[in-house]
Every structure is written in C-alpha cells, then in structure tokens.
Amino acid sequence: MSKKLVLIDGHSILNRAFFGLPDLTNAEGVHTNAVYGFLNIMFRILEEEKPDYLTVAFDLSAPTFRHKMFDGYKGTRKPMAPELKEQVPLMKEMLRAMGICIVEKEGFEADDVLGTLSCRGEQEGMEVSVISGDRDLLQLATEHVQIRIPKTKKTGTEIENYYAKDVKERYLVTPKEFIDVKALMGDTSDNIPGVPGIGEKTATALIAQYGSIEAVYEHADEVKPPRASKNIVEFWDQAVMSKTLATIITDADVEYSFDQAELSDIQELYTEDAYVLCKRLEFKNLLGRFQLDSPTINVEEQFQIVKDQKLAEKIWKKAGGKSLAFHLIPAESGKKKEKLQTEPGGQMSLFETGKKEVLSGMTLAFGEEDIYLFLTGQGITSEFLIDAWQNAKASRRISSDLKAELQYCQPAGSIGTEEEWNHYLDMRKGYMDTGIAAYLLNPLKGEYPYEDIASEYLGMMLPSKAELFGKKSFEQMLEEDENTAAKPLCYDVYTAWKASEILEKELKDQGMWELYQNIEMPLVFVLSDMEKQGISIDAQALKEYGSKLAESISVLEHQIYEKAGEQFNINSPKQLGVILFEKLQLPNAKKTKTGYSTSAEVLEKLAPEYPIVSDILSYRQLTKLKSTYADGLANCIADDGKIHTTFNQTITATGRLSSTEPNLQNIPIRIELGKEIRRVFHPEKDFLFVDSDYSQIELRVLASMSGDRQLIDAYRQHSDIHRITASQVFHIPFDEVTPLQRRNAKAVNFGIVYGISSFGLSQDLSISRKEAAEYIERYFATYPKIKEFLDQTVKDAKEKGYTTTLFGRRRPVPELSSSNFMQRSFGERVAMNSPIQGTAADIIKIAMIRVHDRLMKENCRSRLLLQVHDELLVETYKEEKEQVEKILAEEMQGAADLAVCLEIDTESGENWYEAH
DNA sequence: TTAGTCACG
DNA sequence: ACGTACGTGACTAAC
C-alpha cells in the first residue's frame, strides 16, 4: 500500500483556529485559543488518516521573493493581532515538543514549501493531504494530492476535501486553471493585481472556456464582455505578472528528507515535553490523550503501600531528622468532610470511643525512594500515625495544604510558660506549605494541584487525580485497585517534598520569603484555629427569621402575579424580562447577551412609576435573604451548633482571604432587614463579641504609599476623611460641606482606590462623564502625589508585568500588554488597585497573627473568630473585655508603620448585630 | 456548566 | 472608537 503524507499550512490553520474560537487564556494570561484549535484540527486529521509522514510549514516573517517583486505595491493585509502573534512561537514550541517536522525556508512562502513537498511526495508514490484554510492551494490538487480545508461551524469542525476532480466540480476549472482564474480576478490580500474589471464570475467563465490566460489573450477579440476583452489586452503585462504571482512553486530548493518527517504512530507525539506544555496552557481536554504510564515517570514505581505496624515503625525511625512531606487522609473522604471542632474545654476530640478510624491512612515522603502510603485497619491505627507524626524529629514538615492537615491533628500543646510559648513558635516555623508558596508565586491560578507544581517547578509530568480516579472516591478506588488508589496521594506528597526547596529559593529570589515566612505561614495556624473554633448560631431564631421571610415572600408573590396578570417564575431573569418588557411594555429595556437585563440597577429606575417593579425588587431582596442566608446558613450548622467556615488563603489575586461553606464575609449589613440576621450569630455562654474594623484602611494605605502631604495631613486633622476631601477639592470650609458634596467626595475616594475612570464614577454618581472627569481632575489637582503615584504604579507594572504591595506580595497583570483597549484599561485599573487592596490585606493578616498570638500568650479564653477584610471579630470572655479591646487596638494599629495612623472602631455586644 | 443576580469589603 | 469601576461566593435557571 502506498504511504501517506500530511502537510499542514501552519499559519493558515493557526489563523483559522484563532478566529474560529473564543479568546481563551490560561491563568498566566497567555492567549491559547489558536494553538488549541490547531491541535484539535491536527489530531482529528491524524486520527483519520494515520499518515506515515507529517510536516508543518510556516512562513518566516522576513519579506519573501514575490513580495519584493512588487515593492511599492502596498498590501492590504492587516498586521497580525498581537494575541495571535504571541501564539506563533508557542505553536512551534508545541510542535517541536511533539517532535513534529517544521519547515520554514528563507525566501519561500509556506505555499511554495507545501507545493514542493506535495509534489515530491506524489513523485515518491505517496498519497498526500495538504491542510490549509487557504483556497489558493487548490491549484495543488491532483489525483493523489488532496487539499483539505477545515471549516468551523456551530456543529463542530467540518473539513472540505478536494482532489482534482472535486476542484473541477466545485469551481468548474481544473487545479492548474485555477491559477489563471486568480491571475485574472486578482487577490488584494495576496497583493495580486489581476485584470481590472474582471471579477470571479467572468474570470471563471473565461478560463472554463479557454483554459488559460494565454488562450484568452489569443482570442481577445471574441471575448465577452467587451470590458474584459479590452482590459485583457491593455493590462496583459499585469495579467502575466499576476499569473506568476499566483503560481505556487513546486520545485523550490528546500532541504528536506522524508526521514525527518516520519511518524510511525500517533502516540509518538504524546511526549513528556508536550504534556508539560499542554498542562501549562491548560488544555485539559488534550491531557487525556497522553499515555500516562510512559517510563519517564518513575515516582510511581518507588512508592510503597504499608499496612504492617512493625514495618511502619521502621519507616518512621528512618524518617527521623529528615525533611518530611506528609498528608493525612481522612476516613470516608467520599462523604462531606466533617470538620474538626474545639470542645468547650478547649481540648479536641479526635478519638471518640467506638467510632471508626479518623483516618483512612497517611502518606509520607522523605526521599526519592522513600514514598509511603500507610493504610489503617490492619494493625496500623490513626492514633499510631498521628503519634508517629507528632513525635518524629523532623527538620521540616511539608504539606501541599497544611490547614487541611491541621483539621486532623493539633500541634499546639498547652501554652503557659515562656518556654512552651517559644516551643509553639518554633513548631510553627518548621512547616512548609507548597500550595501557599505556589500561590504567592502566581496568585492568578486559584488552584495549585500537585501535577501543576510538578510540571512548573520540577519539569515532571504527572497524571492528575481526576485522570487517575475519574469520578471514583479514594475508598472506591482502594477496593478496586490499591496501586492506582495510592498514586495521586503519593504523587502529591512526593511533589511537595521535592518542590519544597525549589519553591523556597524562588520565593527568596522574588523577595517574598519574608511575606511567606512571617505572614502567610503563621496565618495558616491562625486560620485553622478560627475554623475549628467556629461561631455559635441560634438555630431556632434563624428558623423563625426564615419563616417570617417566607410569609412576606408569599404575599409579594401573589401581588406580582396579580399585577402581571399571570403566574411565572419571578426568579428567572428570562421569564421576568419577557413579562416586564414585552407583555407589560415597560420602557428602557436594556439587553444582555441572552435577553433583557433585569438587574436591580435597571429595575430601580422603573420602580417609582411601576408598583410591580418595586414588588419585584422587594421579592428579590427577600428571596435572596431566605435562600442564601436563612436556609443557606441553617444547612451549615454543625453538630456542635456552630458554623465552621473555611478560609481560603490561596484564592484571590490581591492577597485577601476568601470564605466558603458558608461565606461569612458577605453577611448582610447595609439593609436593616438583612442586618437582622446578624442577631443569630452569638458568643458562647459567659462570652461576648468584640468587633474592631479599620477605618478606611485602603485610603490610608494610598495616602501613605503615595506620600501625598495634603492627604496625610488631612488624616491627621480630622477623622471624617470624605468631608475633608470635599472641603479641599471644592475649596470650601470644612463646616460648610453639604451632604451631597461629601457623598461625591466619598465616591471619588472609592473610585481612586478602584483605579479611577470617569465612566465608572459617572455611573456611580449618576452624573455625566464630563462632570465625573472634572471631579477627578480637581481631586488630582488637590492631591498631586496621588496621581503621580498611580501613574508610576501603572508604568512600573507595564515594565515588570506585575504589581507589588508594601510587603512584597506580587500580582501579575498580563492584561496590561493586551492590544484590546478594554482589556488593557482593565489592566491599568487592576495595577492601581492591587497594591492598595493587597497592602491592606497584608496589614490585617499581620494584625490577625498578632491578635491571635497575644490572646494565646496571655492565656486568654477569648479567641479570634472571623475576619471580614477590614474587620476582626473576637469571641471575648466577659472578664477579658478590656484586655481584648487593648490587644485589638494595639495589634491592629501597630500592624504596620504607615505615614498615617491606622485607626479602628471597636464595638461589643451580645451578638454580631450589636457588635458591628 | 454558564450566566445573571446580589450579598459583602 | 472601544465600553468599565476593584476583590470575592452562593443561589437559581437553563443550557
């Protein structure tokens, strides 16, 4: 059987993919859609054809021979979009990683290379496929060379195939004649002039009849229409030139042998390098194609499953003194995690009598060949594992998610003496969390699974847990195939062990080691304590609150149906939009991608005139309160009557924390009815809440970082910063500032922190853009250093690619280099906001550690419960109220040394409503 | 799974 | 001319 050759027109297919797919980027902000689309098309072709040879041809950016001939003839081709341009080297990198033959020859266009190679292939007796989005290549089609043109349609990619006969069928001319058609009609995008007055129709008809431009010329006198007849003579030279230009060279002097393009099996393409690159570009769908048991991964053969107690003891003995990476595997991980709780006495209950094992097992790594999975049940107990872990003389303890481990063990002993306290601090310093390290190094990713760390920092390709387990739980997998079940756990612990020092070095190189060591790592222990402590909820009161809401909702629902004249789902923006803007014909319909906008912003404008709209707004408010807060929180109450939120330390781009299951950082406060829910959050018996929040911490950070004298002095003079801003910006005495002026000044202050834009401010204040621009101008005139600072921040970010906080925390801003105005503007606002928001986040993190540690060191029964970005809530033993208030004041205000004071407002009460 | 909406700082 | 404020998470409908 004859051999098969597949030739791909690199730029053309990349271009097709770029315009055919939405704008994909990975977490680093690298655009990836064209590369992704290219690979999909390529793999589809390869799987279909199973070729023996594969080659991709690219143009070089240098001007080519044919273009030079027409020097001075300005092309109409637009410059390549930068989002596509940056993908060209990436594409080549990917192809090289796959070992695919790339041909790019100085002086020839890709077309000529493709023509030459297809011709040579055919001469060797091969069947050739040329993949391109460019119809010009149809001239290459023969009986053995087919041109394949992928088309992206809604239903997926379809490929049009053309052998010589198909070209004739579709275009009424042979492939060779196709050149002549083009010579007559021209092609502006290829700088081929053609003959004036002859378009596609005429050109095709003429060539179909006569066969070539020469024949048309010879029969010029009989050619119709007359215009064509005249021009073919008048512009004959141009026609000949055009034919030369349109003709693809098939005998170019390209150095090439089929040996270098050989592809005996598609699997050859799935190399380790390609896998790592696909991982980086986040081509999750492609990863499944890689044969993951390739011999390049050696970890899996090194781990050992241990069930025997004696053997386990031996291993722990061997581990002593080394750097240990570990992970505790909670029992029944398939079920929803039971969170560890602190008992009223302050001691934890880990081993309730009669209960099954707390842990299914534990993983441990301390060397290339020391990777272990201990399984409980047959001799090894949870207690043994935790004891062994506690008592091990480890030089360092490494985890990929330390806070999760701390759910199942308690490294803090009693704190009473100075010695015990120092011991506690030493203990904290001995830990490394690779997830947090990776987060600091790139906070844009949101997730830091071992396979990413392995590929990014170790250059190793490891299959992810999802790839190994599918949807099965660890327990299910364990029964089915012990070895596979062990894999992701062992990969995780090995990666953490191996990457630890590399991450440390990287953090040091980037000036973030202090941030990591002094802020983020201690914070892990603080957050762990806060989560375990939990906040008490009055479940009964919560239920009553929900019932009350349900009644009001029901009343509103009926009123809305009555006014609408029919029943419908008010919660469906789609249905609601139709009712309001079609049935009831309300004005000012705004559109979203999918239909009418029914956002509060839109509805609020209509509410005064249309009672049904204000009903809907109330309904929205009440259903939100009921579903998210009344019902949502009730679902999260643990057996101890408390809510134990999870604080995420590796989510936000700026360095803030986030809170989930439930989110306790967005409990209502702005509207009275919503704020009521805070009454159900209460302290334990003999305790009360003390709550402190920073006063305008972000604006103070800005004042300090910019060094603006005027703003710094403003903070020294008065506590009402918005009022003094209004007074200074509008040049009026402080006491004569009207409420409206103060409101405007407040909006400008917020706007500055968000990365000011006249449009944003105008939206917020419902004023014209021009007015907003004037406010901003006056603001900057008043505080010139602020403008200087913001401009400099953006400039620096553009140069370095990232912003930095006062404590060295970085945030990459890839949008700054976008060619898209909107994206770039976004990047500029981000660059202005991130150092401010991030520095504020750093400061309250420092405060949290200091408050937590003071409470601990002073042997208080009071404890930190929640952080809400600029607020700390402390459950305070009544006798310690003054002590706690002192600690909060000292530690929050002393957390950073800024050019302005950090002021706090402190309140206390019997519940969160009263305390804030 | 995604889009729309809305709660917070 | 472009079309927006910065940072989050939960719930619902509808694909």
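When reading the values below, keep in mind they use all heavy atoms of this one structure, side chains included, and skip hydrogens, waters and symmetry mates. In the text below, chain A, chain B and the rest are named by the order of the sequence lines, each starting its count at 1.
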field: Phe759(A) CZ - dC6(C) P separation (whole Å)
entry: 12 Å
message: Closer than 3.5 angstrom, by distance alone: can the side chain of Thr839(A) be matched with the main-chain N or O of Leu806(A) as a donor-acceptor pair?
response: yes
[M] and [N], which share atom name [atom1], separated by this distance in whole Å:
N	M	atom1	result
dT4(C)	dA3(B)	P	15 Å
dG3(C)	dG4(B)	P	16 Å
dT5(B)	dA5(C)	P	13 Å

- prompt: Closer than 4.0 Å, any side-chain N/O of Gln696(A) to the OP1 or OP2 of dG9(B)?
  reply: no
- prompt: Is there a side-chain polar atom (N or O) of Ser659(A) under 4.0 Å from OP1 or OP2 of dT8(C)?
  reply: no
- prompt: Taking the six-membered ring for Trp, are the ring centroids of Tyr779(A) and Tyr783(A) within less than 6.0 Å of each other?
  reply: yes
message: Once you measure the plane-to-plane angle for Tyr448(A) and Tyr439(A), does it fall in the parallel (<30°), tilted (30-60°) or perpendicular (>60°) bin?
response: perpendicular
For a quick check of understanding: with a heavy-atom distance under 4.0 Å over all strands, which category does [X] fall into, base, sugar-phosphate or nothing?
X	result
Asn820(A)	nothing
Ala840(A)	nothing
Ser834(A)	nothing
Ala747(A)	base

query: Where each residue is assigned the nucleotide of DNA chain C containing its nearest heavy atom, which of Ile752(A) and Pro573(A) is assigned the position nearer the 5′ end?
result: Ile752(A)
- request: For Val729(A) and Thr782(A), work out which heavy atoms get closest and say how close.
  value: CA-OG1, 3.6 Å
